[in-house]
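Have a look at the structure below, then the notes.
This is a predicted model, so every value here is computed, not measured. By convention in this document, chain letters (A, B, ...) are assigned in the order of the sequence lines, proteins followed by strands, and residues within each chain are numbered from 1.
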Amino acid sequence: MAKKLNILIVDDAKIMRVNLIRSIESIGHKVIAEANDGKSSITAYEKYKPDLVTMDITMPDMDGITAVKKIKEIDPQLNAIMVTSHGQEPMVMNALKAGAKGYILKPISAEKLKEAIGKIFPELENEVVDDLLDEEE
Amino acid sequence: MLSKEELLIQEYENFLNLREQEGLPFSSKEVSTLLKAYKRSTKQLNKIIKISDKQQDELKEVSETLNAKSLKVQSLLDNAEQGFLSFGDDFIIDAEYSKECNRLLGPALEGKDISDVLYLQDGAKKHFFKEALINVVNEESELIKDSMISLLPNEVIVNRRAIKVDYKILTNKTFMIVLTNITKEKLLEKKIEKEQEILKMIVVIVSEPTQFYELKDDFERFAKNKRVFVNPNFSFKINLNELYRDIHTFKGNFSQLRMQNCVKELHNLESKLSVMNTDENCTNQDLLDILNTSDMNEWMDKDLFIIKEILGIEFFDKQYKLEVDDKFIFNIEDKITYLLQADNQHMNTYEGILNEINKARGTTLNTALSIYPKLCQEIAKVQNKRVSDFKVIGGEDILTPMHFKPFIKSLVHIFRNAIDHGIEHPDERVEIGKKEYSSIVCLIESNKDNFKIIISDDGAGINLEKLKDKVLKAKLFTEFELSNMSESSLLELVFIDSLSTNDEITKLSGRGIGMGAVKSEIEKLSGEIKIESKQGEGSKFILKIPTSLHGTLINIASNERDNITVEYILSPVVNRATTYLQSDMKINIRNKATFSYVLINETSIKDYCSYIHISGLVDVSVCISYDQFLLDKLLNEFNQGYPIKKEDLAEYRESISKEVINIIVGNALFNPYDKTVLEITTPYILEYDELVSHSTHHKIAHVIIDTEYGEMQILVGKF
């Protein structure tokens, strides 16, 4: 059985969160917590210690880049994926510098998410293959 | 037994042969393996050469083989139609690079700074490039490295060539770049864009000829008398501002007509003037100098030449009366059809242009029929009859496409008959108590499904008895058959060709000539004709044509000239929105109305509306509002088709409305001349009341994009 990731999703728009949850669950992972701004994402991260965080960039109160920086200070092992749109390259670069490991472009889909997660957790891909082999036996 | 390198080279030789046959370029992964192999063999070669002279003879043979191998790889790389080069974290290009690099980037690249070579003039890009690569070097995670590299620009222009750039990290501190010359592809794209621009210009000029002639005359006058615009009695500042305003207005007007070459010249002058505005030492003499060194007379030449080429020299002679030879319109249409085949990507733009051309070609129904009142007067005069002056009423918003021409022409029979046979002589009219001047009315009514042309006169009406006589004489019906016909069926007899085409008979009988022609033409357009006639009181012809079958009948949006800033903002936003709806969201666009200005309190803002404020070079806001159905379609797309809970709907709609305006405006807005991004705020949701209270005094520009799911309205202005 492939490892299930516990994921924290951070986005100020509920519809984006709902879609992220749906996509995440459809590829076999679990949303362990949700946050709707940068500040509460830090608290949530400390509380739930997720394997992965999906982070929106433009949010009220604290933006996603600052949040990544702050969480990285708490946990250098942070795995974060930025959720962004075309034309925001400089912002994405700042997020990557701050410690995010990847990014996906909106509108999101299970495939895009799977690809981005697969880059961070390549071992998950292998386990999926193992699963398939198990099934064949 | 072959060595590892030899195997590798052989493998890639085979691969290259295959690639050559298929004409495919290398992937950067393949190239990096090749380059590694090459470097390895060179290293070995160097080592061997350094080994003591004693062994030299023995090693000579080995060395030659290796040398040959290394040459083989080099020649493989040299013959590929791509350039390969590498550099370290100091950005200095390594000595080993393939020949194509010289062709693309110039000679003697070794030792040069890669960012200088790739982004010669672009400081910002150079900066972003170096910063990104420094970030990459400092980054430990391979993963983040890759993500960072994927953010780098993948196309550059060097030595007037467009080059696709692929980046590859070789070792921690060595990068490789694979260059592919894509100039041809880019040139083709550019050429197509240019043709598009020209077509747009022609279309606007053909549909707004008066505006064109006026502007051309105005500017010619301005260019001739430019010195007058610097009044020695006024201060430099006043003169400068006056001139600046004039130039700006001209620029706006030429831009509206899409005379791009002229716009460019005016823009340059405007820039010079705005520099002077900040210089305290400038005088009126400097203004005169600038004007004297500008060959304004020639600024329109390029555009006028293109117009002449396409519309013919005659276009310039027929001042204020536009009659473009159909031949030229067909030429444009052919051109578009050709472009359509060459470029599916911009299909919708071309379809838009085709629609515009139809608009240009089809005059309004009102104009098309306006020749008839004059004709009626002429015929009446010859026959000593009197007709009151009349005008065609209505039909200003209906366009008559090309294939309506025969129908419009056939209507001459109705008008001619009215005078020839309907209207009595003035003395006769007075005798029977009618007005001396007869009246003819031509009225056009329309709704969304069809339009009607109603032509009536107050003449003698159709004489049914005489009509029956003629039918009997022609042996078309028996007396018995005629006696069983209703009055309306009897009136229908005027459409029988064999009756109406015989001039001798008709003149005697007082029946219509060529009425059959009218009927057959209107039937070709799926329309119908009805006659109402009362003996002694007059006749009425009601012609009804469905519009749904004639997609080319579009209501014309009114076109106002105005502020260039607003159009520069609006037009890229509209283009981006169109692409976004079509390509990203797969929504078909039915019609994109040309932009017009509205007073905000007189326009209806749709149910859902968000806005973004833009600052920097300009200070305006963009507002996008949606029909609920369209917004819900977008929402559905973002929600991947899953159902949405009722209680979430309102919130979701707001989020999507903000998201979409962010994507569209964020990606659309570049200064057309230097392409720097403008500053935009985060999106807000806007209440209609707020919008109105902020902006009652301002006119705002708006465009409505009509999609299969409803309308999207884009507004630009200060609110």
Can any side-chain N or O of [X] pair as donor or acceptor with the backbone N or O of [Y] at less than 3.5 Å?
{"X": "B:S147", "Y": "A:K101", "value": "yes"}
{"X": "A:R22", "Y": "B:N639", "value": "yes"}
{"X": "B:N135", "Y": "A:M93", "value": "no"}

Problem set entry | Side chains of A:K14 and B:D648 in contact at under 4.5 Å (non-hydrogen atoms) | yes
Problem set entry | Check: B:M148 and A:K97 side chains under 4.5 Å, non-hydrogen atoms | yes
For this session: Could you tell me the separation between the NZ atom of A:K106 and the CZ atom of B:F638, rounded to the nearest 0.5 Å?
Result: 7.5 Å
Problem set entry | Distance, nearest 0.5 Å, that separates CE of A:M16 from OG of B:S655 | 7.0 Å
Problem set entry | chain A contact via B:E654 - side chain, backbone, both or neither, heavy atoms under 4.5 Å | neither
Heavy-atom neighbours of [X] [atom1] exceed 12 at 6.0 Å:
{"X": "A:K70", "atom1": "NZ", "value": "no"}
{"X": "A:K69", "atom1": "NZ", "value": "no"}
{"X": "B:E140", "atom1": "CD", "value": "no"}
{"X": "A:K39", "atom1": "NZ", "value": "no"}
{"X": "A:K30", "atom1": "NZ", "value": "no"}

Seminar exercise, completed: If you tally heavy-atom pairs under 4.5 Å between each of A:G102, A:A110, A:A100 and chain B, the highest tally belongs to A:A100
Exercise. Quick one: of A:D12, A:N19, A:I120, who has the most non-hydrogen atom pairs under 4.5 Å with chain B?
Worked result: A:N19
Exercise. Stepwise, does the side chain to side chain contact (heavy atoms under 4.5 Å, CB included) test hold for B:I644 with A:V18?
Worked result: CA-CA 10 Å; B:I644 291 160; A:V18 169; over 6 Å; no
Problem set entry | Closest approach of B:I144 to A:L96 (non-hydrogen atoms, all atoms of both residues) | CG2-O, 3.8 Å
